[in-house]
Amino acid sequence: MDFSQFLSVMTAGQLAREVYESMRREASSLRIQRDFRMYIARKAYKDLFSSASCIQTGMRGMAARNELRFRRQTQAAIIIQSQCRKYLARLHYMKLKKAAITTQCAWRGRVARKELRKLKMAARETGALQAAKNKLEKQVEELTWRLQLEKRMRADMEEAKTQENAKLQSALQEMQLQFKETKAMLTKEIEVAKKEAEKVPVVQEIPVVDHTMLEKLTSENEKLKALVSSLESKIGETEKKFEETSKISEERLKQALEAESKIVQLKTAVHKLEEKVSDVESENQILRQQTLLKTPVKKMSEHLSSTATQSLANGYHVNEDGRSNEPQSVTPVKKMGTESESKFRRSQIENQHENVDALINCVIKNIGYSNGKPVAAFTIYKCLLQWKSFEAERTSVFDRLIQMIGSAIENEENNDHMAYWLSNTSTLLFLLQRSLKAAGATPHKKPPTATSLFGRMAMGFRSSPSSANLAAAAALVVVRQVEAKYPALLFKQQLAAYVEKIYGIIRDNLKKELSSFLSLCIQAPRTSKGNVLRSGRSFGKDSPSSHWQSIIDSLNTLLSTLKQNFVPPVLVQKIFTQTFSYINVQLFNSLLLRRECCTFSNGEYVKAGLAELELWCCQAKDEYAGSSWDELKHIRQAVGFLVIHQKYRISYDEITNDLCPILSVQQLYRICTLYWDDNYNTRSVSPNVISSMRILMTEDSNDAASNSFLLDDNSSIPFSVDDLSNSLQEKDFMDVKPAEELLENPAFEFLHEA
């Protein structure tokens, strides 16, 4: 590098440093200017902000003071307006209350005077009603006596008729035998005469003796025919007389039933009149006390309201003799407050009627079940127990419940509806049977139980904390024994009658349904060869066993209905037991009356149907079927005799001891004589067996009961209240809940404790 280049480089560096220094000076001057302008702008902003905040603070304070002043004025105006409205409303209320009290007093006085006049008239008519009642009771006694007499006469006439028919039949058989013997003798004599006529020459062909013999025989035949016609006329006359006497007895029975219904109606009317008389007598005493009193006593409403709440807590039925149980120091105050007491009693009666209406409107509907028990029956029982209706001398609650049950079971064709009410009535009857105790009855020997819940709990803890004791204590809480009066005992009897009535309706409905199938099940249908097997079963579309299947379907339908409605098993057993007894009677009587049914193939057909019924009994189990299969013993033994082979080898002792031990001689003779084999053309029993049966029948002919070979259907009620009570247990009702509809009603708060 030469010197000139070095100088040029040095000058260039110097110039660069100068430029850099000048730029630094300019940047520092710009920074100073920027900071100065920022300071001036910030100072101006702070001055403006402080002045604006001062102005805003003053304006907000002025607006707040104005708002506070407006609110104070508004509050003062509201207080003034409320006080003014309160004064006006109180003034209007006091005027309205005074007017209402005056009008109510006047109206009640008028109603009381009107009721007093009516009761005076009713008191005059009670004597006539009592006389009519006594007269009707005497008439009912006479009618019942006449009915019993008619029954006895009817039984005697039936016995006499059966004896006379037996005698007439025996006489007719003897005459027929004599007629046959005379006819045989006549034929023999004619043959002998012909032989002799052949031997004798032709000139002596017509002897005189033959004509006389013929005349005698014809005369004897005419006499026998006359006797037979006279016997038939006598039999027809006796049958007519029997029909007339049966019609007369039925008419008298209807008259007796009508008289009983009239007596029941009169008893209910007299009971209602007695209730009205007692109510009016109490109101008359109150009115008399009101007339004697002149100066009212203040602060009595508070005392009466407290006593009223205590009586309402105890129940609806107020004891009218409760006034004598109070101390004598309170009696003048009670006398002075009779007006408020009468108002309280009226309101109490109105509340009672309203609560009874609510209960009936609730339970008349199907409100279902709780833990397998009917809710309606449990709710009715708890309400009656809480209201102390069982201990009341007079009450109309039971009459209304009976009327409700009677109106509810008018639809007798609906088995589901009838089963629902059978479950409710039977459950309520069980609860009443366990709770009600007649006055003066000695209680069961049990250890003394504590009256309070804490006492029972303490006794349970002292004895043993076992689950059995806890269950027994809970059962005592659910079902409690009370000393029942006459209305409660009468209600229990009426409820038992309704249980029997509903039971009979369900049983008769099933019998009506089965009667149409039983007429088709007694005789095997005529089918082509190969359709009907020896077992009685058949193939094809139109199966002969479809009739038996229809019976099984009807039984299953009713059983499922009764199970769904939780009917007590003892009632279900009795229904099916009587139904099977009805099947036994119908099939057995048809077998004895119709010769076309007493065959070998028909016996196989009926035996197959009985096997289906036995299978149903096994599936239904003893809990519901009970002894139903044993009720078919007559038809089972008869069918067993029909299907057995080689009957001619069987002796009489084997028939009576092994095959058919329950059948009578008349029934066995009927089956043996009517039997015929349509398949194999086999013979019946031997003639020696039939002759021995005839001998025994002639020996027993004096007994009128043994002459009848048909069975009778038993339509009586096969159970009692004790049977129903023993089939259920109190501990089953521990977890049952009352009706949910009544739980929302404040008058039924006691149901929450159930």
Side-chain angles (χ1 to χ4, degrees), residues 363 369-382 384-385 390 398 401-402 404-406 408-409 415-438 441 443-444 475-476 478-482 484 488-510 558-559 561-581 620-628 631 714-736:
V363 300
Y369 305 90
S370 175
N371 291 322
K373 301 299 176 184
V375 176
F378 184 72
T379 305
I380 292 172
Y381 172 74
K382 297 303 290 185
L384 295 177
L385 201 63
F390 301 129
F398 299 131
L401 289 174
I402 290 296
M404 182 265 293
I405 295 172
I409 62 173
N415 280 336
D416 190 10
H417 183 69
M418 301 305 294
Y420 170 76
W421 282 106
L422 178 61
S423 177
N424 279 280
T425 52
S426 59
T427 303
L428 184 58
L429 181 61
F430 162 74
L431 294 173
L432 295 181
Q433 179 71 11
R434 291 296 178 91
S435 297
L436 300 187
K437 180 178 63 175
H444 298 288
L476 288 173
V478 174
V479 180
R480 187 171 70 250
Q481 282 196 352
V482 294
L489 298 175
L490 181 62
F491 173 67
K492 178 183 160 187
Q493 294 178 358
Q494 293 173 343
L495 191 64
Y498 269 113
V499 171
E500 295 177 356
K501 181 179 179 181
I502 299 170
Y503 169 86
I505 290 170
I506 295 174
R507 180 198 60 198
D508 294 340
N509 287 340
L510 182 59
L558 183 61
L559 179 60
T561 301
L562 297 176
K563 283 183 178 180
Q564 289 172 3
N565 290 279
F566 298 99
V567 177
V570 63
L571 299 182
V572 181
Q573 288 181 9
K574 299 300 181 182
I575 288 173
F576 287 113
T577 301
Q578 285 197 316
T579 303
F580 274 67
S581 176
K621 298 180 181 180
D622 292 337
E623 183 182 4
Y624 297 106
S627 61
S628 300
E631 297 296 328
N714 185 14
S715 299
S716 62
I717 302 299
F719 64 90
S720 62
V721 181
D722 294 331
D723 296 336
L724 182 63
S725 178
N726 294 330
S727 65
L728 300 175
Q729 295 182 359
E730 299 173 1
K731 62 181 181 180
D732 298 336
F733 295 85
M734 291 169 53
D735 298 328
V736 178

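Keep in mind it's a predicted model, so treat the numbers as computed, not measured.
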For residues 562-571, which side-chain N or O atoms pair as donor and acceptor with protein atoms under 3.5 Å away, sequence neighbours left out?
| from | atom 1 | to | atom 2 | distance (Å) |
| --- | --- | --- | --- | --- |
| Asn565 | OD1 | Tyr369 | OH | 2.8 |
| Asn565 | ND2 | Asp416 | OD1 | 2.9 |
| Asn565 | ND2 | Thr561 | O | 2.7 |

Gap separating the NZ atom of Lys492 from the CG atom of Leu429, nearest 0.5 angstrom: 7.0 Å
Between Ser423 and Tyr420, is there a donor-acceptor pair closer than 3.5 Å when you use the side chain of the first and the backbone of the second? no
Looking only at atom types and distance, does a side-chain atom of Tyr503 sit under 3.5 Å from a main-chain N or O of Lys574, one as donor and one as acceptor? yes
If I take atom CZ from residue Phe430 and atom CG from residue Leu495, how far apart are they, to the nearest 0.5 angstrom? 13.5 Å
Value for CD1 (Ile506) from CD (Gln578), rounded to nearest 0.5 Å, stands at 12.5 Å
Apply the test side-chain contact (heavy atoms from CB on, under 4.5 Å) to residues Val736 and Lys382: give CA-CA distance (whole Å), side-chain angles for both, the deciding distance (0.1 Å), then the verdict. CA-CA 11 Å; Val736 178; Lys382 297 303 290 185; over 6 Å; no
Does any N or O in the side chain of Ser426 come within less than 3.5 Å of the main-chain N or O of Leu422, such that one atom is a donor and the other an acceptor? yes
For Ser725 and Asp722: C-alpha separation, side-chain torsions, deciding distance, then whether side-chain hydrogen bond (donor to acceptor under 3.5 Å, both in side chains) applies. CA-CA 5 Å; Ser725 178; Asp722 294 331; 5.8 Å; no
Has the side chain of Glu631 got a donor or acceptor atom that lies under 3.5 Å from a matching backbone atom of Thr579? no
Identify the heavy atoms of Leu728 and Arg434 that sit nearest to each other, and give their distance. O-NH2, 3.5 Å
Determine the sole option in Phe398, Tyr381, Phe390 for which the ring-ring contact (aromatic ring centres under 6.0 Å, His included) test with Phe491 is passed. Phe398
Could you walk me through whether Thr427 and Phe733 satisfy the side-chain contact (heavy atoms from CB on, under 4.5 Å) test, starting with their C-alpha distance in whole Å, then the side-chain angles of each, then the deciding distance to 0.1 Å, before giving a yes or no? CA-CA 10 Å; Thr427 303; Phe733 295 85; 3.4 Å; yes
Val721 to Ala496 - nearest heavy-atom pair and separation: CG2-CB, 4.2 Å
Using side-chain contact (heavy atoms from CB on, under 4.5 Å) as the criterion, list what pairs up with Gln494, not counting sequence neighbours. Ile402, Leu490
Do you know the tightest heavy-atom contact between Leu436 and Ala488? CD1-O, 3.8 Å
Holding to side-chain contact (heavy atoms from CB on, under 4.5 Å), I want the full list of residues that pass it with Asn371, two or more places apart in sequence or in another chain. Asp735
To the nearest 0.5 Å, how far apart are CH2 in Trp421 and NZ in Lys501? 13.5 Å
Output the distance between atom CG (Leu510) and atom CG (Leu558), rounded to the nearest 0.5 Å. 5.5 Å
Ala625 versus Thr577, closest heavy-atom pair with distance: O-OG1, 4.0 Å
For Gln573 and Asp622, run side-chain contact (heavy atoms from CB on, under 4.5 Å): C-alpha distance rounded to whole Å, both residues' side-chain angles, the deciding distance at 0.1 Å, then the answer. CA-CA 8 Å; Gln573 288 181 9; Asp622 292 337; 5.8 Å; no
Does any donor atom in the side chain of Ser716 or Asn714 lie under 3.5 Å from an acceptor atom in the other side chain? yes
Please report the interatomic distance OG1(Thr425) to CD(Glu500), rounded to the nearest 0.5 Å. 10.5 Å
